[in-house]
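Structure record follows, encoded as structure tokens.
All values derive from a computational prediction rather than experimental measurement.
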Amino acid sequence: MVKVVITGASGNVGTGLVRALAADSPDHEIVGVCRRPPPAVAPYDSVTWQACDLAADDAPDVLEDVMRGADAVVHLAWMFQPVRDGARLQRTNFKGTAAVLRAARRAGVPHVVHASSIAAYGSAPASTVSEEAPTTGIAGSAYGEGKSEVEAEVARFAAENPDIAVAVVRPALVAQAGASASFLALFLDPVVPRQVFGLMRRGRLPLLPLPSPLRVQLVHADDVGDAIVRILHRRARGPFNVAADALELDDLAAAAGARAVPVPVRAVKAVVSALWRLRALHMSPGWFDVGTKSPLIDTTRAREELGWAPRKTSAECAREQIGGIADATALPSPVLRRDRFKTEPTASGSRRRVRLTSP
């Protein structure tokens with residue numbers, strides 16, 4: 001039996017990893033760490049849960065107890081919003097990662113896997129990038145710069161603890177139907193109705209305006225989970241890019257059953273920025289840059305060293321995500337549900353998002 005501790009196990013990537021571990025062996029002991037443990041239903045019924053806020057002062061002590069005797073720790077936890085509160089994001093993401101690393105060292109965990117992102121790389125160059133490319137982050141993006149900063153901390157930890165195998169996974173945009181409600185709540189509410197995605201799914205949206213130029217890669221949460229399981233089996237070290245094939249503008253529109261209408265990327269960003277300032281859209285200009293400026297990544301290392309290959313293409317991922325958004329599909333995790341928030345008017349006439357449940 002292998003004991004694996006997963007922070008953020010109830011999230012998008014965590015759900016894929018939990019399914020992958022359960023499929024790999026029923027004998028794995030899976031311990032999930034998150035702020036709000038989900039109900040003991042599929043896919044979370046194979047997990048023992050520990051509630052923990054990684055930003056809390058006692059987090060290292062709680063984590064050390066949980067990690068004692070673990071064969072590996074997979075650190076997936078990441079706070080995406082509120083982007084307007086950079087101090088809170090930094091406290092949770094950077095301080096939380098430091099707590100995880102410190103606890104893993106104290107508990108004597110031999111293998112640590114950290115989930116990063118393609119946003120840790122700089123803006124897209126002309127060609128695909130390998131794991132050797134600089135991880136300077138997407139400039140102006142709290143997410144990209146945060147991933148870059150945390151990766152530097154993970155690299156320092158690896159250099160100072162050579163007896164611990166440290167791996168980093170850098171996936172493209174991670175898709176699955178069950179994350180759709182969360183995707184709506186975190187990025188598209190309140191101005192983008194999910195009915196638009198229903199029209200896409202039924203092929204009734206003949207024209208789809210998209211920022212041009214645009215080339216993107218997606219990867220399914222189950223494929224990311226499979227890559228991490230392979231890393232765990234090999235006790236692999238170092239960074240691994242994980243993504244499916246690249247979609248051009250027309251490919252992405254075709255996945256939505258529409259014809260692409262290219263719109264200059266600067267014009268689209270100007271609209272996103274205006275809606276963001278009016279609090280009519282939760283997607284910040286920095287998040288828009290992550291979607292349009294992140295590079296295409298070369299997955300040769302994962303394919304050759306892990307024997308990994310994506311089972312779903314980027315087009316299949318896009319179609320699943322579009323269908324999920326149309327239905328506001330959510331897994332039972334509080335993290336992935338849309339109904340945790342509502343919007344209410346402010347004195348200025350704009351709207352703000354209000355949390356319905358405690359964090």
Side-chain angles (χ1 to χ4, degrees), residues 8 13 74-80 83 86 89-90 92-98 100-101 111-162 164-174 211 213-219 223-224 227-228 231 236-248 265-266 269 284-306 308 310 314:
V13 176
V74 182
H75 179 41
L76 306 177
W78 193 267
M79 179 176 281
F80 294 90
V83 175
L89 292 182
Q90 206 274 348
T92 296
N93 295 331
F94 188 85
K95 181 180 177 181
T97 299
V100 169
L101 297 176
H111 196 191
V112 173
V113 181
H114 168 67
S116 186
S117 166
I118 59 170
Y121 295 118
S123 297
S127 58
T128 58
V129 300
S130 72
E131 290 85 353
E132 301 304 315
T135 51
T136 54
I138 301 294
S141 162
Y143 178 72
E145 292 176 348
K147 286 293 186 181
S148 173
E149 181 182 20
V150 169
E151 271 215 40
E153 179 68 12
V154 172
R156 283 191 292 270
F157 175 83
E160 293 168 0
N161 299 275
I164 301 176
V166 179
V168 175
V169 180
R170 297 177 186 145
L173 176 64
V174 180
L214 180 67
R215 297 178 70 202
V216 297
Q217 287 168 296
L218 285 76
V219 63
D223 286 329
V224 180
I228 294 174
I231 289 171
R237 297 172 180 254
F240 292 90
N241 288 337
V242 179
D245 54 314
L247 294 180
E248 304 285 348
V265 68
R266 289 185 179 180
K269 184 175 180 180
S284 68
W287 269 113
F288 178 80
D289 286 342
V290 168
T292 56
K293 292 184 178 180
S294 292
L296 299 182
I297 53 175
D298 183 338
T299 60
T300 299
R301 186 178 186 221
R303 294 170 185 270
E304 292 184 351
E305 297 189 21
L306 303 178
W308 175 86
S314 288

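Not a single donor-acceptor pair under 3.5 Å links the side chain of T135 to the backbone N or O of S148. Judged by distance alone, the side chain of H75 and the main-chain N or O of G8 form no donor-acceptor pair under 3.5 Å. Side chain of T299 to backbone of V242: no donor-acceptor contact under 3.5 angstrom is found. For the pair K293 (side chain) and F288 (backbone), a donor-acceptor distance under 3.5 Å is absent. Without hydrogens or angle criteria, D289 side chain to S123 main chain gives no donor-acceptor distance under 3.5 Å. Judged purely by atom type and a 3.5 angstrom limit, E145 uses its side chain to pair as donor or acceptor with the backbone of G140. Formation of a donor-acceptor pair under 3.5 Å by the S284 side chain with backbone atoms of W287 is found in this model.
Annotation for I118 and S294: closest pair CD1-CB, 3.6 Å, computed over non-hydrogen atoms. Nearest heavy atom pair, residue A243 against residue P310, reads O-CG, 3.9 Å. Of all heavy-atom pairs spanning A167 and I231, the tightest one is CB-CG2, 3.8 Å. Nearest approach of E131 to D298, heavy atoms of both residues: OE2-O, 4.0 Å. The two residues E151 and A120 have their closest heavy-atom pair at OE2-CB, 3.6 Å. In terms of heavy-atom proximity, V168 sits nearest to S116 at CG1-CB, 3.7 Å.
With values rounded to the nearest 0.5 angstrom, N241 atom CG is found 11.0 Å from R303 atom CZ. The CZ atom of R237 sits 8.0 Å away from the NE2 atom of H111 when rounded to the nearest 0.5 Å. In this structure, CZ in R170 is found 4.0 Å from OH in Y121, a value given to the nearest 0.5 Å.
In this structure, the side chain to side chain contact (heavy atoms under 4.5 Å, CB included) partners of L296, at least two apart in sequence or on a different chain, are T128, R215, Q217, A246.
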Stepwise side chain to side chain contact (heavy atoms under 4.5 Å, CB included) check, E153 with L101: CA-CA 9 Å; E153 179 68 12; L101 297 176; 4.2 Å; yes
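Side-chain contact between K147 and S141 is absent, with no heavy-atom pair separated by less than 4.5 Å. Using a 4.5 Å heavy-atom threshold, the side chains of F157 and H114 count as separate. Between W78 and V150 there is a side-chain heavy-atom pair separated by less than 4.5 Å. The closest side-chain heavy-atom distance from L173 to V216 is not below 4.5 Å. Taking 4.5 Å as the limit, some side-chain heavy atom of L76 sits within range of a side-chain heavy atom of I228.
Classification of the F80-Y143 ring pair by plane angle, with boundaries at 30° and 60°, yields parallel.
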